[in-house]
2 protein chains.
Amino acid sequence: MAKRVTIKEVAQQAGVSYQTVSKVITGKAQVTPETEARIRKAIHDLGYRPSHTARSLRSNRSYTLAYSWPPSPRDQANPILDQFLQSMFTEAEQHGYYLLTFPYHADPAARVAAYQDLIDTGRVDGFIISSVEYNDERVLCLLENKIPFVAFGRSNPELVFPCIDVDGGAGLRMATRHLLEQGHRQIAALAWPEDSRVGNNRLEGYFSALQEAGITPPPDWVVRGEGRVSFGFKATRRLLALPPGQRPTGLVCLNDAMAIGAMHAAQERGLQVGVDLAITGFDDAPMVQYLNPPLTSLRQPVWEIGRQLIQMLMDQLDTGEQPDPLCSLYQPELMVRASSTGQFAGFENVS
Amino acid sequence: MAKRVTIKEVAQQAGVSYQTVSKVITGKAQVTPETEARIRKAIHDLGYRPSHTARSLRSNRSYTLAYSWPPSPRDQANPILDQFLQSMFTEAEQHGYYLLTFPYHADPAARVAAYQDLIDTGRVDGFIISSVEYNDERVLCLLENKIPFVAFGRSNPELVFPCIDVDGGAGLRMATRHLLEQGHRQIAALAWPEDSRVGNNRLEGYFSALQEAGITPPPDWVVRGEGRVSFGFKATRRLLALPPGQRPTGLVCLNDAMAIGAMHAAQERGLQVGVDLAITGFDDAPMVQYLNPPLTSLRQPVWEIGRQLIQMLMDQLDTGEQPDPLCSLYQPELMVRASSTGQFAGFENVS
DNA sequence: AACGTTCGTGCGAACGTTCGCATTAACTAT
DNA sequence: ATAGTTAATGCGAACGTTCGCACGAACGTT
């Protein structure tokens, strides 16, 4: 490797002190245009690049943000991961930062220790966290250490920290309204267990839209279980076995996996998805548009969220102040496809 | 934030020079057990953690690896990304390293500049690269600068660097043999354009398996296009329009998207996938097991590859030597499902 | 006792920059 | 001419550690 040019060599060539070179680079002191031009020429001619490490040591800033996320089970892709990461490190780059990734340990103590390590060794300036739980130990650790961070997702209300969340309730309201607009009056929901904060928030939107339409859903219409294909399949079978006066013709699901299972259950009974049973999902996983029929699903504005999280964190690092508002809610978008409308042109022209 | 404990405070408490404390930490010089014990106690009592930045500056090592990857188009998920990243940073952590992520710029000049930036500022010790192209500028830049790196994927043979690849040819041979074993003798292939290195390598496996079975495929059986659902749909329609003596009953596809399109084309004609037309894909994207019927597909050993890449790079950084063998080929695994066998138990018990 | 060797520890300096203050020159006002 | 102010630049030291050498003590051999 070629020997790295130092600031002292630039100073010598430009005929100034090396501290003056530093002043030009950091822009923190006044330097005459003539001197500055001379220095910039020397920088260019010598191909000088400041050492990140030396700057970091002196300035007490690493220009690094860290993010860790739970691995998806083998049989599920994380539908937003690529775009989420891409948006974050692209925005970070605009600010001279990089995104460092590290394992999300299953054991909470090991998980917190990994965060503490990065803090203690001065490795990162701040954190992005997601998949936030009630009394999340990571949040507690970062708050206690007064470490800058931002979160995708909310925690319990007494923990106060900057966050962005998707308004899942608004999303389910949108999906439910859409089915109502398609003429459906018997609309069921596949939901997560009652201790799921995100799940309950989404379900509120479903109830709210039905209430607006003057519909009181019977308890049978809300079926709770795991957000998986098999649960969706079995739950939908049960729903389709209800008496005709009660049997739903519409179904909103809290995620795409359940919706896929529901589609298979309907098709097993010879029903036409979108016509006999209209189905919506949540997440708009990339491949759902290639199902037959393509699935209507709620899409999160992942790029914008990732970008905004980094912006919030940058502001926090630059000003030492918390963002206002502290928490923002982003609206999902309903991607309407044939699983709810019954209308599909075919696979020739899909991408 | 609590004031960080320095090595000098540890030295004072242990009654030794701070250089001796450093010797205990790095283990690079002999220290008596009594002195060492005294120092370790002081480290523990004071909660001392060495400053990464200071160590980095002095030792000329950042303990950071970098990885950048092309974003997936909006309508396609990267099926292996999560696991690939997880495997790499988990292995890196075992070696005291972290994985830094950064944008893969569309413009080749900007892309190389991003790599050069990280090199010039001493930000990373080495790189992992993937999606390697012929005469890939990143490879050229890293070779020229003598920067340690490892690659997932091969380039042109005159560029010599450490790499791991999946034996796509072996995979397609496996898939083709599997269809032969299912009794199919008319087996077509959906492939990428002729300038695709990976595509041609995979297709060699198809030809090889047919040759072994004494079958010479007519030119009509190999259809080339983009690895997308719509291409797969249209190409399969064309294949199914061939005269019965030529019409294939088996189809190997170079990726899952084409296979999905093929399935839809078969079903459009009222054919039963797995029985009337047996189909295989490549990548085993997580959701293909939830298609109806679930898709037979080749799975790459992503975790092992990621882990091994980091190990190779660590060895290179520790010894300054290239790995032997320089390139390793990993075998994919054929995940047999109903799209090729026609046998499917149903969705109750899938996850 | 004198000499040679080995072990254990301390020291000086380096790594490459930024921070905060001091100094000097130039300009303006009285 | 003198005093005060401002702008521009240089300097000393700091950031927190590691590297490489020097030195003293202890031990073994002659």
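Throughout, protein chains are lettered first and strands after them, A, B, ... in sequence-line order, and every chain is numbered starting at 1. Fair warning: this is a prediction, and the values are worked out from it, not measured in the lab.
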- Task: Please state how far atom CD in Glu9(A) lies from atom P in dC15(C), giving the value in whole angstrom units.
- Result: 11 Å

- With both distances under 3.5 angstrom, what nucleotide forms a Watson-Crick or G-U wobble pair with dC19(D)? dG12(C)

- Query: So, Gln86(A) and Asp82(A): side-chain donor and acceptor under 3.5 Å apart, yes or no?
  - Reply: yes

- Query: Should dT24(C) form a Watson-Crick or G-U wobble pair with both distances under 3.5 Å, which nucleotide is its partner?
  - Reply: dA7(D)

- For residues Phe149(B) and Phe161(B), determine if any side-chain heavy atom of one lies less than 4.5 Å from a side-chain heavy atom of the other. yes

- If you find the nucleotide of DNA chain C closest to Leu57(A) and the one closest to Glu36(B), which residue's nucleotide is nearer the 5' end? Glu36(B)

- Message: Quick test of your reading of the model: are Asp107(A) and Arg111(A) salt-bridged, counting only N-O distances below 4.0 Å?
- Response: no

- Could you label the plane-to-plane angle of the Tyr115(B) and Phe127(B) rings as parallel, tilted or perpendicular, counting under 30° as parallel and over 60° as perpendicular? tilted

Is there any protein nitrogen or oxygen under 3.5 Å from a nitrogen or oxygen in nucleotides 5-8 of chain C, and what are the pairs?
residue: dG8(C); atom: OP2; partner: Gln30(B); partner atom: OE1; Å: 2.5
residue: dG8(C); atom: OP2; partner: Gln30(B); partner atom: NE2; Å: 3.2

- Would you please say whether a donor-acceptor pair under 3.5 Å links the side chains of Gln316(B) and Glu321(B)? no

- Is the closest basic N to carboxylate O distance between Asp167(A) and Arg154(A) below 4.0 Å? no

- Counting primed atoms, P, OP1 and OP2 as sugar-phosphate and everything else as base, the B/S/- map of nucleotides 18-23 of chain C against protein heavy atoms under 4.0 Å is BBB---

- Query: Do Asp120(B) and Arg4(A) meet the salt-bridge criterion of a basic N to acidic O distance under 4.0 Å?
  - Reply: no

- Is there a donor-acceptor contact under 3.5 Å linking the side chains of Glu9(B) and Thr6(B)? yes

- Message: Any side-chain N or O of Ser17(B) below 4.0 angstrom from OP1/OP2 of dG10(C)?
- Response: yes

